[in-house]
Amino acid sequence: MAVKMAVIPVAGHGTRLLPLTKSIPKELLPLGGKPVLQHVVEELQAAGLRELTMVTSKSKDAIGRHFSRDTALEEQLRSAGKEKELESLSFAGADSVFHYAEQKHQKGLGHAVLCAREIVGDQPFMIALGDALMGDAMTGDECNGKISALHAENRASLCKRMIRVFEHSDADAVISFQQVSLEKVNRYGIARLLPGYVDGDDAFDLAGLVEKPTVEAAPSQYAVAARYLCKPAIFEYLARTPPGHGGEIQLTDALQSLIDDGGKVLGVPLRNAEKRYDVGNFESYYAAFIELALADPEYGESSRQLMGKLLRDNDKES
Ligand code: UTP
């Protein structure tokens, strides 16, 4: 069955970014000129996913407003001849259907996905974390070293590869993985690979997932990376999953149960320049913002000059 649906959990409290996220949903924080969630939506749309289900909460109603048309504002811009500004709002009318499911109590990522069960129904679906976008802001080799904007098309390539792997296998789930340095394995769900994977292959077979292992216990350096493609059977597993790490219902625990039951789960590694841009904590948010600002097609050049000057001044002072 073709994959058309994506579930985007955006109901978390975002406590690591307080006080910034007290009234602003972390998924609406800017990355360059757009909220991170708009980048995520464009990534999914470019991969051909046009049914988008946001799992949200009452206190995050600004998210629904961002993706709805504001006809009064559009009319005002039109009559003022502000065509460029009007064009910047066209994403809200793009040919996608937005659904909203409510997560009343923030019981974790796995629970948030379960809240979308009725809307998803009996079809495979992508899960895309609403606080992380995938892709390469600085396309490097592909652009002869020239910096280019983070185009939706190149961002979509990971999701497209996951969909292709899913459609050409009998996998029950496909998960994306990024390679992390050894000292960071204790922050992520880490893959245990079945033998047979050759570097450069599109996918590997997963023997299991180890949540936040110590450096010594880490079975690999492949860390779960914000995109999952699942058959609807995952809902059964989520419904049976007890609270785990941090007292929350974890998606990785449900996926582990699926593997334990003999389910086939594949891992798709990020390629060369592909990265995860994550706004989950201040360090990763600043890093992502700087990188996207420097890659901005309009303001990137002046931002790079400013950055160069600040760094030179800083070097002189020290
Ligand atoms: P995080 O794991 O970063 O959790 O969520 P969080 O609760 O938002 O942030 P902290 O840890 O308190 O700082 C990853 C994605 O899953 C969503 C979040 O909104 C985010 O987009 N999420 C998380 C939910 O929708 N519901 C939850 O119960 C937890």
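Numbering starts at 1 and runs along the sequence shown. Whatever order the structure lists ligands and atoms in, that order sets their numbers, starting from 1.
Considering only non-hydrogen protein atoms, atom 25 (O) of ligand 1 sits nearest to Ala11 N, 2.8 Å. Shortest contact from atom 23 (C) of ligand 1 to any protein heavy atom: Gly12 CA, 3.8 Å. Taking atom 2 (O) of ligand 1 as the reference point, the nearest protein heavy-atom neighbour is Arg16 NH2, 4.1 Å. In this structure, atom 14 (C) of ligand 1 lies nearest to the protein heavy atom Asp131 OD2, 3.7 Å. Pro9 O, 3.6 Å is the protein heavy atom nearest to atom 17 (C) of ligand 1. Scanning all protein heavy atoms for the shortest distance to atom 12 (O) of ligand 1 gives Thr15 OG1, 2.6 Å.
Checked by atom type, the side-chain pair His99/Glu51 shows a donor-acceptor distance below 3.5 Å.
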Task: Criterion salt bridge (charged side-chain N to carboxylate O under 4.0 Å, His left out) on Glu87 and Lys84, from CA distance to verdict - done: CA-CA 5 Å; Glu87 171 59 27; Lys84 193 176 157 204; over 6 Å; no
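Between Tyr100 and Phe98, the angle of the ring planes stays under 30°, which puts this pair in the parallel group of the 30/60° scheme. Phe125 and Phe235 have parallel rings, their planes meeting at less than 30° on a 0 to 90° scale where 60° marks the start of perpendicular.
The heavy atom nearest to atom 4 (O) of ligand 1, out of those in His13, Glu248, Lys26, is found in Lys26. With atom 29 (C) of ligand 1 as the reference point, the heavy atom nearest to it among Gly280, Gly246, Gly108 is part of Gly108. Comparing heavy-atom distances from atom 26 (N) of ligand 1 across Glu27, His105, Gln103 singles out Gln103 as nearest.
In this structure, Arg240 is positioned above the aromatic face of Tyr237, its NZ or CZ under 6.0 Å from the six-membered ring centre and within 45° of the axis.
Inclusion of Leu17 in the set of residues having an N or O under 3.5 Å from an N or O of ligand 1 is not warranted.
Connection of Leu306 to Leu292 is not established within any shared hydrophobic cluster, with ILVMFWY side chains joined at heavy-atom distances below 4.5 Å, either directly or through further cluster members.
For an aromatic pair to be called close, the ring centres must be under 6.0 Å apart, and Phe91 with His39 fails this.
Taking 4.0 Å as the cut-off, His111 does not count as a neighbour of ligand 1 on heavy-atom distance.
Those atoms of ligand 1 that come under 4.0 Å of a heavy atom in Ala112, given as number and element, are 24 (C), 25 (O), 26 (N).
Ion pairing between a basic and an acidic side chain is recognised when a charged N comes within 4.0 Å of a carboxylate O; Asp202 and Arg271 show such pairing.
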